[in-house]
Structure formats: structure tokens, C-alpha cells
*Asks:* 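The structure is given below, and queries will be raised subsequently.
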Amino acid sequence: MKEYKDQIEPYVPWEELEICNDFLFGKIMQEAELCRELLQRILPELEIDHIEYPELQKTIKADVDAKSVRLDVYVRDDKNTVYDIEMQVVNTGELPKRTRFYQGMLDLQLLDKGQTYKRLKPSYIIFICLFDTFGKGRHIYTFENICREDHDISLGDETTKIFLNADSSMEDVSSELRVFLDYVAGRKSEDDFIKKLEAAVKEARKNREWRHEYMTLLMRDQENIEKGKREGEEQMLDLIQKLINDERSDEISRIKEDKGYRQKLYREYGIL
């Protein structure tokens, strides 16, 4: 259920929400120690002493006309490394492109006017998914910018994108990370950290303020969907009328079935 994302998660009653719901996940990650331990399991090579200023679903917008994005969990550690952690249930098919957009938005926030690029801090964008984004069966896919001609050369921009997959049986991650991903997928565990998360989920469901916020966002998302449908219908009718006026009625049946061709004509007629 993400206000600024292109597709929202299926509706689940508040009393039935689990850790895989992005709204509930963001609330639970307000507990700094839980957030720190999760990051430590994902990135065991780092030594994260503590998490500073956890921000829930931070809204970032470059300017008035720019697309907005609401981050699930946006935090930084004691070394000023920043992390964006996203819980993703629905496979929208565009997560790699989304990380590109998120990276740009994060960097805009990290660099004040007049500062040099050297002030940009290391950053990690992490997607926790219930599905395999790349279809290779891995629990984890980590991306950094390296030279195509010589893999020993790193770009050195200190940006990392990580995609976690809860739907895997490969032995490619630590047991600590695997039990967390199993928990995201709905499988229970006696792991102490998972017990803490489970207790946090149960406690969160009792929070009436969060429940009200969740329902408010659901209604807002539904309104945005309905608005988008109405706007889409109006664009289609406008295009049909223009085709009729230009004696191109034979193309009407095609635009109803061929989305790519429909978008092409929208641009041709300046409808978009």
C-alpha cells in the first residue's frame, strides 16, 4: 500500500497484517534496535553500532512538478551511511528502474546547495521481496557499479542496490538472514530476532492510531486509483474523437487492445 508507487498491495484487514505489509513494516522499523539488527543480518560485513533518526515512509519530492516517493524506512547509521529499506509484495516489473529513481532522490536530500559531490555519503537501497525479481533462484542479488571491461575497477560512487527474495531455497545467505526471509514469507521460527519481530507485529495491531492511519491511506490510494481510471477513460475518448475527426476510425479497435500503439497516438496527438 504505497501512496506514491505505481501499484498498491492487495487489501488486508488491519487485524491480519503481517511483517510483509509495507505499512506495518515501516512502523515496526521505527524501533531502532530492530532496524539495526535487520540491517546487520542483511549486511554482516558492516559493523553497525546504532541507527540514528529512523524516519518512517519519508516523503521525498525534488520540486513541485516532480514525482514523489514515500520511502518505507529511511535511516542512517553511526558512520553516516544511509539506508532505504522497502518491503515489496507486488511484482510491478520495474523495481530496477525504481532503484535508479530512488537513488537520485536520496542524493538530492544528502547534498545541500553549494556542497561538493564528495559530501555524498555511502547509500544502500534494499528491496525485501516476496518474489524473485531476477528469476535465478537466489535469496540475494547485490549490485554495485563496476567497469564492464575490467571487473577489478569499481566506479567508487559508494552506492549499492540489494534485492532480497523470500521465495528461495538456495543456500546462499547466512542462517540469520534466511530465517528472516522465511518469516517474511510466512514461515515461523524460534530465532530470537524473529520472536521480537512477531511480538512487535502483535503489539502494532493494538495501536489504534496506526490503524486509523492505515485505513486513511487505503482510502486515499483507492481514490487515486479511481481518479486514474477516470483520467484514462477521458484520454481514450479524446483519442477516439480525434481519430474519427481525422478519418482514422479503422484504428480505434487497435488502440483498445494495443497499449503501446495507444501510447504512441497519445503522444502524436499531444494528449499525454
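Just so it is clear, the values below take in all heavy atoms, side chains as well, and ignore hydrogens, waters and symmetry mates.
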*Asks:* According to ring pair (Phe, Tyr, Trp, His ring centres under 6.0 Å), who are the partners of F180, at least two apart in sequence or on a separate chain?
*Replies:*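 In terms of ring pair (Phe, Tyr, Trp, His ring centres under 6.0 Å), with neighbours along the sequence ignored, F180 is linked to no residue.
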*Asks:* Got a donor-acceptor contact below 3.5 angstrom from the R76 side chain to the V82 backbone?
*Replies:*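 Flag not set: sc R76 to bb V82 has no pair under 3.5 Å.
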*Asks:* Going by salt bridge (charged side-chain N to carboxylate O under 4.0 Å, His left out), name the residues that satisfy it together with D132, two or more places apart in sequence or in a different chain.
*Replies:*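 So D132 forms no salt bridge (charged side-chain N to carboxylate O under 4.0 Å, His left out) with any residue.
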*Asks:* Would you check if the side chain of Q40 reaches a backbone N or O of I48 as a donor-acceptor pair within less than 3.5 Å?
*Replies:*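 Pair found, side chain donor or acceptor close to backbone of I48.
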*Asks:* For R211, which residues count as a side chain to side chain donor-acceptor pair (under 3.5 Å) partner, sequence neighbours excluded?
*Replies:*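 Side chain to side chain donor-acceptor pair (under 3.5 Å) list for R211, sorted by chain: E15.
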*Asks:* Salt bridge (charged side-chain N to carboxylate O under 4.0 Å, His left out): which pairs involve residues 193-202, sequence neighbours left out?
*Replies:*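 Counting only pairs at least two positions apart or across chains, the salt bridge (charged side-chain N to carboxylate O under 4.0 Å, His left out) contacts touching residues 193-202 are E37-K196, K188-E198, E190-K195.
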*Asks:* Report yes if the side chains of I128 and F25 come closer than 4.5 Å at any heavy-atom pair, otherwise no.
*Replies:*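 Sidechains of F25 and I128: in contact.
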*Asks:* Between CD of Q235 and OH of Y269, what distance do you get to the nearest 0.5 Å?
*Replies:*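 Rounded to the nearest 0.5 Å, the CD-OH separation comes to 15.0 Å.
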*Asks:* Heavy atoms only: give me the nearest I85-C35 pair and the separation to one decimal.
*Replies:*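 Minimum heavy-atom contact is CD1-SG, 4.2 Å.
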*Asks:* Sort and list the pairs that fulfil salt bridge (charged side-chain N to carboxylate O under 4.0 Å, His left out) and have at least one residue in residues 175-187, not counting sequence neighbours.
*Replies:*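 Every pair satisfying salt bridge (charged side-chain N to carboxylate O under 4.0 Å, His left out) with a residue in residues 175-187: E171-R178, D182-R187.
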*Asks:* How would you list, by chain and number, every residue that makes a salt bridge (charged side-chain N to carboxylate O under 4.0 Å, His left out) with E33, sequence neighbours excluded?
*Replies:*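 Expected list: R36.
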*Asks:* Which residues pass the salt bridge (charged side-chain N to carboxylate O under 4.0 Å, His left out) test with K206, not counting sequence neighbours?
*Replies:*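 For K206, the residues satisfying salt bridge (charged side-chain N to carboxylate O under 4.0 Å, His left out) (neighbours in sequence not counted) are E203.
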*Asks:* Given 3.5 Å as the limit, does a donor-acceptor pair link the side chain of D191 with the main chain of V179, or not?
*Replies:*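 Here the side-chain-to-backbone pair does not exist.
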*Asks:* Which pairs count as salt bridge (charged side-chain N to carboxylate O under 4.0 Å, His left out) when at least one residue sits in residues 134-159, sequence neighbours excluded?
*Replies:*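 Residue pairs passing salt bridge (charged side-chain N to carboxylate O under 4.0 Å, His left out), neighbours aside: none found.
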*Asks:* Could you give the distance from CG (L108) to CG (L120), rounded to the nearest 0.5 Å?
*Replies:*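 Here the rounded value is 9.5 Å.
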*Asks:* Restricting to ring pair (Phe, Tyr, Trp, His ring centres under 6.0 Å), what partner residues turn up for F193, sequence neighbours left out?
*Replies:*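 Expected list: none.
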*Asks:* With sequence neighbours left out, write down each residue that passes ring pair (Phe, Tyr, Trp, His ring centres under 6.0 Å) with Y261, or none if nothing qualifies.
*Replies:*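 With neighbours one apart ignored, the set is empty.
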*Asks:* Could you note down all residue pairs passing salt bridge (charged side-chain N to carboxylate O under 4.0 Å, His left out) where residues 246-255 supplies at least one of them, sequence neighbours left out?
*Replies:*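 Every salt bridge (charged side-chain N to carboxylate O under 4.0 Å, His left out) pair that includes a residue of residues 246-255, provided the two are not neighbours, is R248-E251, R248-E268, R254-D258.
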*Asks:* Do side-chain atoms of S168 reach the backbone of G137 as a donor and acceptor pair under 3.5 angstrom?
*Replies:*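 Yes; at least one donor-acceptor contact below 3.5 Å.
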*Asks:* Say whether, by atom type as modelled, one donor and one acceptor occur between the side chain of K242 and the main chain of L265 under 3.5 angstrom.
*Replies:*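 Side chain of K242 to backbone of L265: no pair is present.
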*Asks:* Which residues pass the ring pair (Phe, Tyr, Trp, His ring centres under 6.0 Å) test with F134, not counting sequence neighbours?
*Replies:*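 Partners of F134 under the ring pair (Phe, Tyr, Trp, His ring centres under 6.0 Å) test: Y141, F143, F163.
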